[in-house]
Every structure is written in structure tokens, then in C-alpha cells.
Amino acid sequence: MFDYRKAAYAQEILKKKIKLQPFKGSINLVAGCDLTFLNPFKTPTEGIAAFVILKYPELEVVERVYATGKITIPYVPGFLAFREIPLLIRAFRMIKKKPDVIIVDGHGIVHPRGLGIAAHLGVVLNVPTVGCAKKPLYGRFNMPGKQKGNYSYIFDKYTNEKLGVVLRTKDNVKPVFVSPGNLTDIETAGNLVFSTVTSYRLPEPTRLAHNFLREIRKKFL
DNA sequence: GCGACAG
DNA sequence: ATCTTGTCGC
């Protein structure tokens with residue numbers, strides 16, 4: 001079984017290691033990562049994690065890697081990282097050209113204990129990360145305008161601290177929820193995601209990682 | 001007590 | 001989180 005009390009404690013410890021700061025240096029390579037499961041409704045199950053690395057700001061793919069393994073921890077809102085990070089780490093180690101920043105499919109610091117999967121991964125790898133989720137998890141916010149580029153801020157519901165942005169990446173399409181993971185800040189996170197969006201709802205790194213997995217997954221069925 | 005709840 | 005198909009709106 002999985003001890004969620006201990007996991008929550010671990011999150012509180014790791015949260016203290018997050019460094020929120022403007023991005024240091026320049027971004028030449030940006031990565032997107034994602035996971036897929038052979039049976040997403042059963043645990044344990046086989047999982048596949050992938051990273052797609054793109055040149056920035058050209059968004060040309062320069063490398064793709066993936067790793068497979070057994071997923072034994074169930075999904076519980078607030079503890080996604082414990083389920084997905086082990087395989088993500090293995091895939092990350094296979095990358096030859098390490099990215100300057102990773103866009104993770106999930107939240108950064110917009111999280112009940114301030115440590116969503118993007119922040120968790122960023123601390124463990126000591127790499128700049130940005131969280132880009134498709135649904136809200138925590139905090140209060142107003143919906144942004146309907147036009148691409150419109151955004152609003154996400155605040156902590158107790159401290160009112162600004163945590164991230166709700167960003168409209170495509171006209172009349174549901175917005176995404178962006179927040180810094182590690183070694184980035186809200187502005188860096190928002191700008192990076194918006195600058196990697198083309199004509200789809202999700203930023204290219206995330207979208208391509210997802211497509212890549214769909215490809216790989218077929219070979220395992 | 002009730003609703004909400006990343007992937 | 002998977003997969004597929006159909007429908008609707010811009």
C-alpha cells in the first residue's frame with residue numbers, strides 16, 4: 001500500500017527546496033514529458049514515460065526518448081508525482097541533449113501543499129520546470145477572456161499569494177493552468193508556455209510528447 | 001456536511 | 001489517464 005501521510009510529509013519537506021526565481025541564462029532547448037498506461041484504469045499496470053526535446057524558439061524536434069516500467073502507485077489527486085515520477089526519471093536519464101527547461105503535464109506550485117508534479121520533478125532533478133495542466137486542482141481564479149493570449153492569475157485561497165496563471169492558448173477553447181515548478185517564476189512559466197503554443201490548445205513540447213507516446217503505445221499492444 | 005478533485 | 005466515432009462551431 002501507499003502511505004499518503006508520509007507522502008504528504010515528504011511533499012512538505014521537498015517544497016522547501018523549491019527555488020522560485022526568474023529563469024537564469026537563455027533557453028535553447030525545451031522539453032515536454034508525458035506518460036501513458038497500458039491500462040489506465042487498473043493499478044498496477046505497465047507505464048511508458050517520454051520526453052521530447054525541441055530547439056527553442058524554433059520548436060524543431062531534436063530528440064525523443066522513452067522508458068517503460070511497472071506502475072504500482074494509484075492515482076490520487078494531490079499525489080500524482082509519486083505515481084509518475086519514477087518512470088519520468090528513468091526516461092530523463094536517457095536524454096543525450098539535456099533541456100534547459102521542462103514543461104510538465106500537470107501543476108507546479110498550484111497544489112494543496114505547494115508541490116505539484118512539475119515542482120516535485122524540478123526539485124528532484126534540480127532542473128528548471130514549468131507546470132501546464134489541463135484542469136484546475138487548487139487555488140482561486142477568474143476565467144480569462146475568450147481570446148488567445150488572455151489570462152488571469154491563480155491565487156492561494158488562504159494566503160492570497162499569487163501562484164500561477166490561467167492561460168487561454170486558443171480562441172474559444174478551454175484554458176490551461178500554468179505555474180512554475182522549480183528554478184522559474186510565474187512570468188517565466190507563462191511566457192514559456194505561450195511562446196511554445198502554435199495553433200493547438202497545448203504547448204508543442206507537451207503535445208508532441210503525448211503524440212509520441214500514442215505512437216509508442218501501439219507497439220506494446 | 002458538501003463539493004471539488006492534476007494524470 | 002485510453003480508444004473511436006460522430007457532430008457542431010469557428
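Remember, it's a predicted structure, so these values are computed and weren't measured experimentally.
Of the residues A/Lys170, A/His210, A/Arg207, the one that meets the side chain to side chain contact (heavy atoms under 4.5 Å, CB included) test with A/Leu202 is A/Arg207.
Nucleic acid contact for A/Phe79: base, since at least one base atom lies under 4.0 Å from a heavy atom of the residue. Among the protein residues, A/Phe41 comes within range of the nucleic acid bases, having at least one heavy atom under 4.0 Å from a base atom. As judged by a 4.0 angstrom heavy-atom cut-off over every strand, A/Asp105 is placed among residues touching the sugar-phosphate backbone only.
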Scan nucleotides 3-5 of chain C against the protein and return all N/O pairs shorter than 3.5 Å with their distances rounded to 0.1 Å.
unit_1 : atom_1 : unit_2   : atom_2 : d
C/dC3  : OP1    : A/Arg217 : NH1    : 2.6

Give me, pair by pair, the N or O atoms of the protein and of nucleotides 6-10 of chain C that are less than 3.5 Å apart, along with how far apart they are.
none

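From the 5' end on, the contacts that DNA chain B makes with chain A at under 4.0 Å to a non-hydrogen atom open and close at B/dC5 to B/dG7.
Below 30°, between 30° and 60°, or above 60°: for A/Phe82 and A/Phe79 the angle between ring planes is between 30° and 60°, a tilted geometry. Aromatic ring orientation, A/Tyr66 versus A/Phe220: perpendicular (interplanar angle above 60°, classes split at 30° and 60°).
Between the C1' atom of C/dT2 and the CZ atom of A/Phe220 lies a distance of 16 Å, rounded to the nearest Å.
Distance check, rounded to the nearest 0.5 Å: OH of A/Tyr9 to CG of A/Leu14 gives 11.0 Å. Rounded to the nearest 0.5 angstrom, A/Ile186 CD1 and A/Lys162 NZ are separated by 6.0 Å.
At a non-hydrogen distance threshold of 4.0 Å, A/His107, A/His111, A/Gly116, A/Ile117 from residues 107-132 of chain A come into contact with DNA chain B.
A salt bridge is defined here as a Lys NZ or Arg NE, NH1 or NH2 lying under 4.0 Å from an Asp or Glu carboxylate O, and A/Lys55 with A/Glu60 meets this definition.
Paired runs in DNA chain C never reach 3 or more consecutive Watson-Crick or G-U pairs with both distances under 3.5 Å. Taken together, the pairs of DNA chain B form no segment extending over three or more consecutive Watson-Crick or G-U pairs closer than 3.5 Å at both contacts.
A cation-pi arrangement is absent between A/Arg140 and A/Tyr158, since the terminal nitrogen or guanidinium carbon is not both under 6.0 Å from the aromatic centre and inside a 45° cone about the axis.
Checked against a 6.0 Å centroid threshold, the rings of A/Phe51 and A/Phe92 count as neighbours.
For A/Gly78 against A/Gln11, the heavy-atom pair with the smallest separation is O-NE2, 2.9 Å.
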